[in-house]
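See below for the structure under consideration.
Residue numbering restarts at 1 for every chain, and letters A, B, ... go by the order of the sequence lines.
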2 protein chains.
Amino acid sequence: MSHHHNLMADLRQRGVRLTPQREMILDAIHHEDEHLTADEIYQRVQARSPAINIATVYRTLELFKDLHIIHEINLGDCTRYELCQDEPHHHLVCQACGATISLDHAILAPLESKLKKQFGFKAHMEHMVIYGQCAKCQQDAE
Amino acid sequence: MSHHHNLMADLRQRGVRLTPQREMILDAIHHEDEHLTADEIYQRVQARSPAINIATVYRTLELFKDLHIIHEINLGDCTRYELCQDEPHHHLVCQACGATISLDHAILAPLESKLKKQFGFKAHMEHMVIYGQCAKCQQDAE
DNA sequence: TTACGTGCAAAATATTTGCAAGAAG
DNA sequence: CTTCTTGCAAATATTTTGCACGTAA
């Protein structure tokens, strides 16, 4: 039994109506490693069920966001979506080759507590994206 | 003599044509503390010179970006622009009240070097934005 | 049965582009 | 004069909304 069935059961508990569209959209997000844009989610769902409408995708993403099932990530120009996870995780993105490196939250924890101590600021670091250049591309550039 | 006149002189050196539009756009960015969107820049310039077109604003921002005079910041949905500065600086943004706190680069430097050491990743941290809740709003929430 | 969700089409928003006229150097 | 820049209008991309119909519970 896949993780997303638990999620769907959970939603029913919370009084959210379960529709095939919502299930397919959750499925699409769940089955992907990368973070998808609204349109990419739309296309994946459309492959299974051509009648689906892009407006439904946007409305469902909004709903899932409010329910804290997914969250939005803004990389440059495009908005992407991914499942919320227990432990926040982060990404390094190489601007040269596009490679992404996943980061444990531990590496950002010191910054988080420094911000709290110095400014009383409670950072919401669910998913930070840090751009730069990966080791390989730095070598290639030399 | 204001800083932006030096910039304009600098541009002429670099073979960039100086037009009133470009000067007014640079002016608008320069005279603001906050980071403006393309449309806000457009409105400010339009107040001085109604004939200006939004397409010119976009094209000029693109040009200034390529010349490394300004850089783009993506906060949530909107793209904002600010002058490049010698020392990178960063912002904490309170999601409750919208307040922004400026951060010295020093506070992010340890993270930067940790990423370099552990992953060989050279982070481009010209302007990081960290969202969260400021001290005041945390109190109000209690 | 009733409230909520969906598809559709149109609107709103943000950004880009082709082209002819205008201005910088 | 020549090349680059601008204004205009139209195109494109992304996201939102009103409304009538359909469906989950």
Atom [atom1] of [X] and atom [atom2] of [N]: how far apart are they, to the nearest Å?
| X | N | atom1 | atom2 | result |
| --- | --- | --- | --- | --- |
| A:L63 | C:dT6 | CG | P | 9 Å |
| B:L11 | D:dT5 | CG | P | 11 Å |
| A:Q21 | C:dC8 | CD | C1' | 14 Å |
| B:E62 | C:dT15 | CD | C1' | 10 Å |
| A:I54 | D:dT17 | CD1 | P | 15 Å |
| A:D39 | D:dT15 | CG | P | 9 Å |
| A:L61 | D:dT15 | CG | P | 10 Å |
| B:N53 | C:dG22 | CG | P | 15 Å |

(message) Around atom NZ of B:K114, are there more than 12 heavy atoms from other residues, nucleotides or ligands closer than 6.0 Å?
(response) yes

(message) Counting only heavy atoms from other residues, nucleotides and ligands, does the tally under 6.0 Å from NZ of B:K65 exceed 12?
(response) yes

(message) Does anything in residues 82-108 of chain A form a ring-ring contact (aromatic ring centres under 6.0 Å, His included)? List the pairs, not counting sequence neighbours.
(response)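 Matches after skipping sequence neighbours: A:H35-A:H91, A:H89-A:H91, A:H89-A:H127, A:H90-A:H105, A:H91-A:H127.
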
(request) Not counting sequence neighbours, list each pair that qualifies as a ring-ring contact (aromatic ring centres under 6.0 Å, His included) and has a residue in residues 49-68 of chain B. (result)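 Output for this query is empty, none listed.
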
(message) Quick check for you: among D:dT5, D:dG7, C:dT16, whose closest atom lies nearest to any side-chain atom of B:Y58?
(response) C:dT16

(message) So, using side chain to side chain contact (heavy atoms under 4.5 Å, CB included) as the criterion, who are the partners of B:R14 when residues are at least two apart?
(response)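 Side chain to side chain contact (heavy atoms under 4.5 Å, CB included) check on B:R14 returns B:D10, B:L11, B:V16, B:L67, B:I69.
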
(message) Can you tell me if A:T79 touches the phosphate of D:dT15, counting only side-chain N or O atoms and a distance under 4.0 Å to OP1 or OP2?
(response)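 Checking D:dT15 against A:T79, a side-chain N or O does come within under 4.0 Å of OP1 or OP2.
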
(message) Using modelled atom types and a 3.5 Å cut-off, is there a donor and acceptor pairing between side-chain atoms of B:E82 and backbone atoms of B:I73?
(response)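 Checking the backbone N and O of B:I73 against the side chain of B:E82, no donor-acceptor pair under 3.5 Å is found.
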
(message) Taking A:L18's backbone N and O only, do any of them form a donor-acceptor pair with A:R12's side chain (distance below 3.5 Å, no angle check)?
(response) no

(request) Would you indicate what B:A55 reaches in the nucleic acid, counting non-hydrogen atoms under 4.0 angstrom: base, sugar-phosphate, or nothing? (result) base

(request) Give me the bend of the helix from C:dT1-D:dA25 to C:dG25-D:dC1, using the axes of the five pairs at each end, rounded to 10°. (result)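 Result, rounded to 10 degrees: 40°.
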
Which pairs of donor and acceptor atoms, one on a side chain in residues 42-53 of chain B, lie under 3.5 Å apart (sequence neighbours left out)?
from	atom 1	to	atom 2	distance (Å)
B:Y42	OH	B:Q46	NE2	2.9
B:Q43	NE2	B:D39	OD2	2.6
B:R44	NE	B:E32	OE2	2.9
B:R44	NH1	B:E40	O	3.3
B:R48	NH1	B:D27	OD2	2.9
B:N53	OD1	B:A55	N	2.9

(request) Any chance you could list the contact pattern along nucleotides 19-25 of chain D? Use B for base contacts, S for sugar-phosphate-only contacts and - for none, protein heavy atoms under 4.0 Å, 5' to 3'. (result) ----BBS

(message) Are the side chains of B:K116 and A:Q138 in contact, using a 4.5 Å heavy-atom criterion?
(response) yes

